[in-house]
Structure formats: structure tokens, C-alpha cells
2 protein chains.
Amino acid sequence: MTTDGARSRRQIRHRAEIGAVLRDSSEFLGAQRIHAELRRRDVPIGLTTVYRAMQALAEEGAVDATRTATGEQVYRYCSPRHHHHLMCRDCARVVEVEGPAIEQWTTAIARQHGFAQVNHSVELLGTCPDCAAAR
Amino acid sequence: MTTDGARSRRQIRHRAEIGAVLRDSSEFLGAQRIHAELRRRDVPIGLTTVYRAMQALAEEGAVDATRTATGEQVYRYCSPRHHHHLMCRDCARVVEVEGPAIEQWTTAIARQHGFAQVNHSVELLGTCPDCAAAR
DNA sequence: ATAGATGCAAACGATTTGCAGTCTG
DNA sequence: CAGACTGCAAATCGTTTGCATCTAT
């Protein structure tokens, strides 16, 4: 558990560096890529430590985690606003969309079935205007 | 490639059996579980073949594929009716829900961003009444 | 005989864990 | 000094692939 606030200087530094890497990227990054990037930035850190840090950060809710189609775990800096993604299946362009309608629907369905603390994940996949035109 | 329609008796049998297993389950199943279930039903088939069959079926769009939180690939019979799942995070109970609201929202978002042929997947995760009471 | 299908075992790649050495308070 | 942190190497685990064999045509 990382419940206790006692964190070493080194760990704090690591977290800050990881945060910087994530913030510098608009896309989701896997532990391996984060590690490679840190190494490129001359941050001495082991791959294992990156994995462990990412687990902790995800558990704390400091980063968002998902999986790619190939099954690797990827993370992104936790954006303050709750939103969903509309991705182009051809060029992988991502548009962030917000959905008050979805949020309400989710709540309604949850109540309807007596479920509590319901989270939802929505992924939209389509063909963007550019790629559609390029057909 | 499974592009040619030439399929052996055995392969046809395998597909039928896999289809039966999927149809008998309302939830997503991984290749390993499908294999175990087939074995339990005395269907002689190797794990490798199940993996290969699932890949082919998914590619053809005969089954829906996703990944669990732990990264395993899971499949479900492509249901004729489009619906979503509300799963209990404690007991894993699954409730199928339909959502005209979602379907409309999806279409609206797609049009709004000029995206075409938009698919959507929605997963709801919460605590069911029973598990909430057992707290 | 020939092309595809099958399955065992080995290979893989991402992630996790055992454990000994290091750092921090 | 005691406990937390680190990282190497080895272990896992789901999945894929090499290859020899079997099947149906």
C-alpha cells in the first residue's frame, strides 16, 4: 500500500518525472515507452520501478489507464474533466467528447437496476471526415 | 487466411461447438475458458485451434471481442440485438441493458464531428443491490 | 498426392515477483 | 538501525508460432 504519506526524495522525483513525460504527451503511453523516454531524458530509473509507479498512480486515480488493442496497459495524465473518446479507425485521430446525455443515462440505468457506484467507459470508433474523403 | 469458403468437416464442427458455448453464456469468455468448456463437453480440440478459431471468427465479425481489465481477450456471441452490459464489480453478475438514449447520443456526436460509420461500446461497472447489502 | 487444418511444444512479449543491495528518516 | 525503495534476473501468464502430422479431396 502507498497509503502512508511517507515518500522518499527519490520516489517523489520519479513521480514528478513520470508526470512530466505524461504531460508532454497527448496520447496514452505504456510503461515501456515511459521508461524509454525517461532514459532518454537521463533519468536513472529501472523498468520495474516504472511499472510499480504506474500501478500506484493508477490506483490513486492520478492517471487514467486503459489497454490498447494488443493488450498493453497504457496511461495518460488524468484530465480534470470527465470525457470520452471518439477515435478514427483509419488514422487513429482522437477527439474528446463530453456527454451529459451519457452521464444521465448511466445514472438512470444504475438506479433502475439498483446498482450503486457505477462507473462507465464509452469508446466511439468511426471514420473521420478526412479519411472518409480519402476513400 | 480463411478467405476461401472451403472448410473441413472438423472445422465446421468446431465452429458450431464454439458457437454453442458462446450462446450458452451471457458473458464474455476467453479462449482458455472456451477451450475448457469444450473439453468438459467432450469435444476433442486443442487450445491452439480455439485461439485460431476465435481470431478468425472475430475477424469475420461473427463474434464481438474485447479485453478484460487484466488484458485477456474475451469474446461473446454477436447478439442480434444491440445492447450493453452492466456488471457488478463484486460478484460479476451481468445485466444486459438497452439504450436508445445512447444510440441517439452516439449518432449525434458522430454527425457533429463529421465521423461516419461510428461504432460504440459502453461498459458499466457498479455494485449490485445484493453485494451492496452484504457490506 | 496436395493443400489446408490441427496440436504439441517452444517462443514471445508484457508484466510481476523474489530477493539482495541501497537509501531515507 | 529499521523499514521503505530499487532494480536485476527469474518467473508468470495469455497468446502466438514452428513444425511434423493428420484429413479430406
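Only a predicted model underlies this, so the values are computations on that prediction, with no experimental measurement involved. Lettering of chains follows the sequences in order, A, B, ..., and the numbering in each one begins at 1. Atoms considered below: every heavy atom in the structure, side chains included; atoms not considered: hydrogens, waters and symmetry mates.
Note: NE2 (His14(B)) to C1' (dG7(C)) measures 10 Å, nearest angstrom. Rounded to a whole Å, the NE2 atom of His35(B) is 18 Å from the P atom of dC13(D). Whole-Å rounding puts the Leu47(B) CG to dG7(C) P distance at 10 Å. Put simply, CZ on Arg9(A) is 14 Å from P on dT6(D), counting in whole angstrom units. Gln11(A) has its CD atom 14 Å from the C1' atom of dG7(D), to the nearest Å. Separating the CD atom of Glu72(B) from the P atom of dT15(C) is a distance of 15 Å, rounded to the nearest angstrom. Remark: C1' of dT23(D) and CZ of Arg13(B) are 16 Å apart, rounded to the nearest angstrom. Look at CZ on Arg39(A): it is 14 Å from P on dT6(D), rounded to the nearest Å.
Hydrophobic clustering of Ile, Leu, Val, Met, Phe, Trp and Tyr side chains at less than 4.5 Å, counting indirect connections, unites Tyr77(A) with Leu38(A).
With 3.5 Å as the limit, one finds no donor-acceptor pair spanning the side chains of Tyr75(A) and Gln55(A).
Among Met54(A), Glu27(A), Glu17(A), the one residue that satisfies the side chain to side chain contact (heavy atoms under 4.5 Å, CB included) test with Leu22(A) is Met54(A).
Between Tyr51(B) and dT15(D) there is a side-chain N or O to OP1 or OP2 distance below 4.0 Å. Not one side-chain nitrogen or oxygen of Ser8(A) sits closer than 4.0 Å to the OP1 or OP2 atom of dA4(D). The side chain of Thr48(A) contributes no N or O atom lying less than 4.0 Å from OP1 or OP2 of dT6(D).
Residue order along DNA chain D, read from the 5' end via each residue's closest nucleotide, puts Ile45(A) first among Gln55(B) and Ile45(A). Both Gln32(B) and Arg52(B) lie near DNA chain D, and the one whose nearest nucleotide falls closer to the 5' end is Gln32(B).
Using a 4.0 Å cut-off between charged side-chain N and carboxylate O, Glu37(B) and Arg41(B) make a salt bridge.
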